[in-house]
Amino acid sequence: AKKIYKKVDYFIVTSSDTKKLLSKKFNINSNKISIVEPGIEKLKKYKKTPSKLIKLLTCGSIIERKKYNYLINEIHEIDNIELNIIGDTSRETQYSAKIKKQITDNKLTKKIILHGKVSQIKLEKLYSQCDFYISSSKYEGFGMSLANAAISRLPIISYETSTIKKTIGKSGVLYFDNFKKGTLQKLILNNCFNIEVYKKLKNSVAKKKYLTNAQSAKLFIKAINNA
């Protein structure tokens with residue numbers, strides 16, 4: 001990455017944390033970095049089908065920093081739960097193969113559904129049918145999928161990072177701060193199966209305002225022109 005960055009004249013990133021990372025870790029002049037948040041459009045809402053299962057949704061490429069192996073281990077022994085994973089499996093094929101093996105070896109194919117890439121309609125339907133959005137990602141540049149969950153009024157469970165806290169805030173969110181065995185499992189068991197807790201979380205999801213795609217595109221073009 002350092003070799004490539006030396007050839008780049010200007011950077012446009014999606015968050016202040018990514019700007020700090022480039023500046024500190026790769027010694028890039030902060031004047032050469034602009035921040036443009038991505039556009040977040042409201043997803044179409046579909047009627048939710050009643051289910052006895054607690055349905056979780058997570059979105060993102062199947063790559064190691066997303067910590068899917070930890071997420072799967074934590075829900076492995078929880079009953080009456082379903083995890084839907086949406087994400088590209090081609091970026092880190094060895095890790096994707098490891099996750100698929102983890103699911104099949106533990107006979108979790110009915111509990112954990114690996115959808116791969118999906119259409120916009122299927123994405124919207126899954127957001128509509130699930131009870132919680134969950135993220136075990138160790139790092140996010142912005143957290144678009146979590147922002148989608150927030151504007152869809154979906155309660156969120158997430159690993160705590162400064163970027164995610166800036167993107168979605170604290171209301172309607174359950175954060176965990178380590179990847180120790182049992183940490184996430186306990187959080188899920190103590191909150192996701194309590195209807196009163198669920199209602200309270202759902203009602204408290206903050207009405208956050210994000211840039212539209214058009215607004216983001218205008219700012220992106222402006223940043224390029226000012227580079």
Side-chain angles (χ1 to χ4, degrees), residues 1-2 5 11-28 30 33-40 43 56-75 83-88 91-92 95-96 99 123 127 130-192 197 201-202 204-211 216 219:
K2 287 184 179 180
Y5 289 163
F11 297 80
I12 299 174
V13 298
T14 56
S15 70
S16 58
D17 285 337
T18 303
K19 181 175 180 176
K20 288 176 186 175
L21 178 69
L22 287 177
S23 182
K24 290 182 179 180
K25 188 173 181 178
F26 299 100
N27 298 315
I28 294 166
S30 60
I33 310 169
S34 284
I35 301 169
V36 178
E37 292 185 357
I40 306 293
L43 300 175
L56 309 178
L57 173 67
T58 190
C59 303
S61 296
I62 314 303
I63 55 178
E64 195 163 359
R65 70 172 170 84
K66 299 287 187 180
K67 303 287 282 185
Y68 285 116
N69 54 315
Y70 175 76
L71 177 56
I72 292 167
N73 281 333
E74 289 296 284
I75 70 164
L83 173 63
N84 292 275
I85 303 175
I86 296 174
D88 184 3
R91 283 180 59 186
E92 292 181 11
Y95 184 72
S96 293
I99 293 303
L123 178 73
Y127 267 95
C130 288
D131 302 294
F132 290 85
Y133 186 91
I134 190 164
S135 173
S136 54
S137 182
K138 199 170 184 180
Y139 175 81
E140 288 292 330
F142 180 78
M144 291 179 67
S145 297
L146 287 99
N148 277 325
I151 61 173
S152 300
R153 309 305 301 275
L154 199 62
I156 298 168
I157 302 167
S158 177
Y159 178 67
E160 185 175 0
T161 71
S162 55
T163 297
I164 293 306
K165 288 180 79 174
K166 288 174 187 174
T167 298
I168 61 174
K170 296 179 180 179
S171 299
V173 185
L174 298 169
Y175 285 110
F176 63 100
D177 61 4
N178 66 75
F179 293 105
K180 294 177 182 177
K181 184 179 179 180
T183 295
L184 182 54
Q185 183 188 68
K186 185 177 179 181
L187 187 67
I188 292 169
L189 287 170
N190 287 347
N191 294 278
C192 296
V197 171
L201 284 167
K202 190 170 180 64
S204 67
V205 175
K207 292 182 179 180
K208 297 271 291 181
K209 285 189 177 181
Y210 300 100
L211 297 175
S216 179
L219 291 173

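In what follows, residues are counted from 1 in the order of the sequence shown.
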task = Would you sort out whether T18 and I33 count as a side chain to side chain contact (heavy atoms under 4.5 Å, CB included), showing the intermediate values?
result = CA-CA 10 Å; T18 303; I33 310 169; over 6 Å; no
Report task. Check the pair Y139, T161 against side chain to side chain contact (heavy atoms under 4.5 Å, CB included), reporting the backbone distance first and the verdict last. Result -> CA-CA 7 Å; Y139 175 81; T161 71; 5.9 Å; no
| task | Dump the intermediate steps for side chain to side chain contact (heavy atoms under 4.5 Å, CB included) on L201 and F132, then the final yes or no. | result | CA-CA 10 Å; L201 284 167; F132 290 85; 4.0 Å; yes
inquiry  = Go through it in stages, so that I can follow the logic: the residues are Y133 and I168, the test is side chain to side chain contact (heavy atoms under 4.5 Å, CB included), and I'd like the CA-CA distance, side-chain angles, deciding distance and then a yes or no.
reply    = CA-CA 12 Å; Y133 186 91; I168 61 174; over 6 Å; no
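Counting only heavy atoms from C-beta outward, the side chains of K186 and E74 never approach each other to under 4.5 Å. Between I188 and I134 there is a side-chain heavy-atom pair separated by less than 4.5 Å. Contact annotation: the side chain of L123 approaches that of C59 to within less than 4.5 Å [non-hydrogen atoms, C-beta and beyond].
Taking all atoms of both residues into account, the shortest heavy-atom contact from I99 to N69 is CD1-N, 3.5 Å. Across I35 and S16, no two heavy atoms sit closer than the pair CD1-CA, 3.5 Å. The nearest pair of heavy atoms linking A150 to V205 is O-CG1, 3.4 Å. The nearest pair of heavy atoms linking A147 to Y210 is CB-CZ, 3.7 Å. Among all heavy-atom pairs drawn from Y127 and S145, the shortest one is OH-O, 2.9 Å. Across V36 and S216, no two heavy atoms sit closer than the pair CG1-O, 3.6 Å.
Salt bridge status for E64 with R91: absent, with no side-chain N to carboxylate O gap under 4.0 Å. For E140 and R65, the salt-bridge test passes: some basic side-chain N is under 4.0 Å from an acidic carboxylate O.
The structure places CE of M144 at 10.5 Å from OG1 of T167, a figure rounded to the nearest 0.5 Å. The CG atom of D131 sits 10.5 Å away from atom CG of L57, with the distance rounded to the nearest 0.5 Å. With values rounded to the nearest 0.5 angstrom, Y95 atom OH is found 8.0 Å from I62 atom CD1. In this structure, L184 CG and Y70 OH are separated by 5.0 Å, a value rounded to the nearest 0.5 Å. In this structure, CG in L187 is found 7.0 Å from SG in C192, a value given to the nearest 0.5 Å. Here the CD1 atom belonging to I75 is positioned 11.0 Å from the CG atom belonging to L189, to the nearest 0.5 angstrom.
Y175 is linked by a ring pair (Phe, Tyr, Trp, His ring centres under 6.0 Å) to nothing, counting only residues two or more places apart in sequence or in another chain.
For NZ of K138, the number of neighbouring non-hydrogen atoms (other residues, nucleotides, ligands) closer than 6.0 Å is 12 at most. Residue K208 qualifies as enclosed at atom NZ: its count of foreign heavy atoms under 6.0 Å is above 12.
Identified under the salt bridge (charged side-chain N to carboxylate O under 4.0 Å, His left out) test for residues 166-181, with sequence neighbours left out: D17-K166.
With a 6.0 Å cutoff to the six-membered ring centre and a 45° limit on the axis angle, K67 does not count as a cation-pi contact of Y159.
With hydrogens and angles disregarded, no donor-acceptor distance shorter than 3.5 Å links the side chain of T58 to the backbone of I85. A side-chain donor-acceptor contact under 3.5 Å links S152 to the backbone of N148. Of the possible donor and acceptor atoms, none in the side chain of S158 sits under 3.5 Å from a partner among the backbone N and O of L174. Judged by distance alone, the side chain of S204 and the main-chain N or O of S171 form no donor-acceptor pair under 3.5 Å. Distance alone, capped at 3.5 Å, is enough to place a donor-acceptor pair between the T14 side chain and the G141 backbone.
With no hydrogens or angles considered, no side-chain donor-acceptor pair links S96 and Y68 at under 3.5 Å.
Using cut-offs of 30° and 60° for the angle between ring planes, the F26 and Y5 rings count as perpendicular.
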